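To start, the structure itself, in structure tokens.
All of these numbers come straight from a predicted model, not from anything done at the bench. As the structure lists them, so they are numbered: ligands from 1, and atoms in each ligand from 1.
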Amino acid sequence: MIVVRNVYYFCGKINTMQQVSDIVNRLSYSKTFVMSNKARDLKAQGVDVISLTLGEPDFDVPEFVKEAAKKAIDEGYNSYTAVPGYIELREAIAKKLKRDNNLTYAPNQIVVSNGGKQSLINALMALVNEGDEVIVPAPYWVSYFEMVKLAGGTNVVIETNVENNFKITPEQLEQAITPKTKAFLFSSPCNPSGSAYTREELAGLVEVFKKYPNVIIISDEIYEYINYKFKHVSIAEFSEVFDQTITINGMSKAFAMTGWRIGYMAGPKWITDAVDKLQGQMTSGANCIAQRASIVALEADPSEIQYMIESFHKRRDLVYDLLQDVPGFKTNLPEGAFYLFPDVSYYFGKELKGTKINDADDFAMYLLEEAHVATVGGVSFGDNNCIRISYAAAEDKLIEAIKRIKEAVS
Ligand code: PMP
Ligand code: GLU
């Protein structure tokens with residue numbers, strides 16, 4: 001019956017383009033990839049573009065992790081893995097969560113996925129019904145907003161700004177909660193602002209959450225190790241909210257394994273069971289070789305990757321200092337991640353070399369065209385005033401990029 005109907009459609013009665021679902025039509029392209037593709041296209045045309053778009057460590061994967069992957073291939077790891085991941089990997093994740101975060105999870109409370117990105121959409125799809133609200137503090141990572149839409153939810157955005165270091169207050173949180181609130185989704189350290197919540201700040205939010213045990217906290221901690229100021233704090237460490245928290249993490253940022261696609265979540269068993277069911281129908285277990293290598297990576301002492309963090313720290317200081325000399329840029333000193341998120345609203349309504357600047361996206365486009373420096377405008381991060389600069393790039397490129405930006409606005 002279905003086959004007959006498909007044949008009928010494809011005989012020309014309906015234009016196949018018109019069959020794209022409403023969900024996809026409502027979705028935006030990921031702006032981080034749009035801008036990095038633009039930079040790549042310009043480079044291919046011979047333009048000397050410096051791309052500070054993608055949040056991607058510019059380091060090689062540590063040698064011991066590569067060795068583990070090669071060994072896994074030689075040892076014949078080829079087959080489908082368990083849907084939530086190899087038990088040895090989930091045990092290694094449980095040990096890591098205990099070692100680094102003082103969190104106690106059983107392996108059946110952990111699901112490994114194709115990157116933190118899949119862990120996030122898994123969590124939302126496992127929880128959200130049509131019309132449920134998900135609170136998302138802005139600036140948020142671009143994909144959060146679109147993922148909530150994909151899951152059928154409604155985004156409730158809490159605004160922050162550079163003056164308050166892009167952090168929300170307990171009062172703002174409480175005001176945003178309604179009977180329809182299903183989840184709260186945030187990253188700390190934050191992409192794009194780099195802000196990280198301290199234990200005291202999280203304690204303030206926990207005071208609110210504990211009054212609403214049905215609100216699930218989705219805590220994206222993928223930049224956990226990239227914190228220059230204090231040891232990372234997981235919100236799940238607060239026993240009052242442990243049972244309502246999902247912790248998301250992954251290998252991309254800590255081990256420079258972006259293309260290896262391994263992320264994970266840990267949370268209440270009723271949620272990980274639901275995610276296991278969902279993932280079993282959608283993608284199955286993640287790549288087996290990358291999973292074996294991740295076991296070795298997670299069992300290693302975090303000091304093994306300290307050189308990358310030290311290098312990001314140096315670059316943060318470098319770019320932050322250089323930006324102090326760029327007129328019209330207001331920048332917070334972020335505690336972590338590898339982004340700066342300067343407020344450039346000073347330029348709105350003004351003309352720069354004949355180009356009218358109306359918002360942060362116009363400004364980012366102007367920088368690309370005039371300075372050949374690619375950044376990402378803040379609009380798709382839920383902030384119209386700022387642009388995101390990823391400083392996961394070589395120091396000479398960073399120095400040259402800020403010099404060009406300065407010239408373009410002078
Ligand atoms: N969360 C945040 C805040 C991110 O910046 C990213 C981007 N890489 C991800 C999750 C997803 O990373 P991945 O899918 O590579 O694990
Ligand atoms: N998370 C990175 C970024 O924000 C990679 C791109 C993406 O996944 O959107 O740039």
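Two residues are said to be in side-chain contact when any heavy atoms from C-beta on lie closer than 4.5 Å; Tyr144 and Asn155 fail this criterion.
Listed by atom number, the atoms of ligand 1 under 4.0 Å from Ser252 heavy atoms are 13 (P), 15 (O), 16 (O). Close contacts of ligand 1 with Gly115, meaning ligand atoms under 4.0 Å from a residue heavy atom, involve 14 (O), 16 (O). Atom numbering of ligand 1 starts at 1 in the shown order; those under 4.0 Å from a heavy atom of Asn191 are 3 (C), 4 (C), 5 (O). The distance from ligand 1 to the heavy atoms of Gly116 drops below 4.0 Å at these ligand atoms: 13 (P), 14 (O), 16 (O).
Some N or O of Asp220 is nearer than 3.5 Å to an N or O of ligand 1, by distance alone. No N or O atom of Tyr339 sits closer than 3.5 Å to an N or O atom of ligand 1. Considering backbone and side-chain N/O atoms, Ser187 never comes within less than 3.5 Å of an N/O atom of ligand 1.
Distance from atom 7 (C) of ligand 1 to its nearest protein heavy atom, with residue and atom name: Lys253 NZ, 3.1 Å. If you check which protein heavy atom lies closest to atom 14 (O) of ligand 1, you get Arg261 NH2, 2.8 Å. Atom 12 (O) of ligand 1 has as its closest protein heavy atom Ile222 CD1, 3.6 Å.
A distance of 6.0 Å or more separates the ring centres of Phe64 and Phe255. When ring centroids are compared, Tyr339 and Tyr391 stay outside the 6.0 Å threshold. No close placement of the Phe348 and Tyr346 rings is indicated, their centers lying 6.0 Å or farther apart. When ring centroids are compared, Tyr197 and Phe166 stay outside the 6.0 Å threshold.
Using a 4.0 Å cut-off between heavy atoms, Glu56 makes no contact with ligand 1 at all.
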(request) Under the side chain to side chain donor-acceptor pair (under 3.5 Å) rule, what do Thr160 and Lys167 come out as? Steps first, then yes or no, please. (result) CA-CA 6 Å; Thr160 65; Lys167 290 180 187 175; over 6 Å; no

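In summary, Lys182 and Glu133 do not engage in a salt bridge, as defined by a charged side-chain N under 4.0 Å from a carboxylate O. Checked for salt-bridge contact, Glu75 and Arg292 miss the test: no charged N lies under 4.0 Å from a carboxylate O. Contact check on Glu400 versus Lys397 returns no salt bridge, with no Lys/Arg side-chain nitrogen under 4.0 Å from an Asp/Glu carboxylate oxygen. A salt bridge between Glu370 and Lys353 is present, with a side-chain N of the basic residue lying under 4.0 Å from a carboxylate O of the acidic one. At a threshold of 4.0 Å, the pair Lys330-Glu163 counts as salt-bridged, since one of the basic side-chain nitrogens sits closer than that to a carboxylate oxygen.
Considering Glu237, His232, Lys231, Lys96 as possible partners of Asn101, the one that fulfils the side-chain hydrogen bond (donor to acceptor under 3.5 Å, both in side chains) test is Lys96.
The closest approach between Met251 and ligand 1 stays at or above 4.0 Å for every heavy atom of the residue.
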Can you pull every nitrogen or oxygen pair between ligand 2 and the protein closer than 3.5 angstrom?
| from | atom 1 | to | atom 2 | distance (Å) |
| --- | --- | --- | --- | --- |
| ligand 2 | 1 (N) | Lys253 | NZ | 3.3 |
| ligand 2 | 4 (O) | Trp141 | NE1 | 3.0 |
| ligand 2 | 4 (O) | Asn191 | ND2 | 3.0 |
| ligand 2 | 4 (O) | Arg388 | NH1 | 2.9 |
| ligand 2 | 8 (O) | Lys117 | NZ | 3.0 |
| ligand 2 | 9 (O) | Thr32 | OG1 | 2.7 |
| ligand 2 | 10 (O) | Gly55 | N | 2.7 |
| ligand 2 | 10 (O) | Arg388 | NH2 | 2.8 |

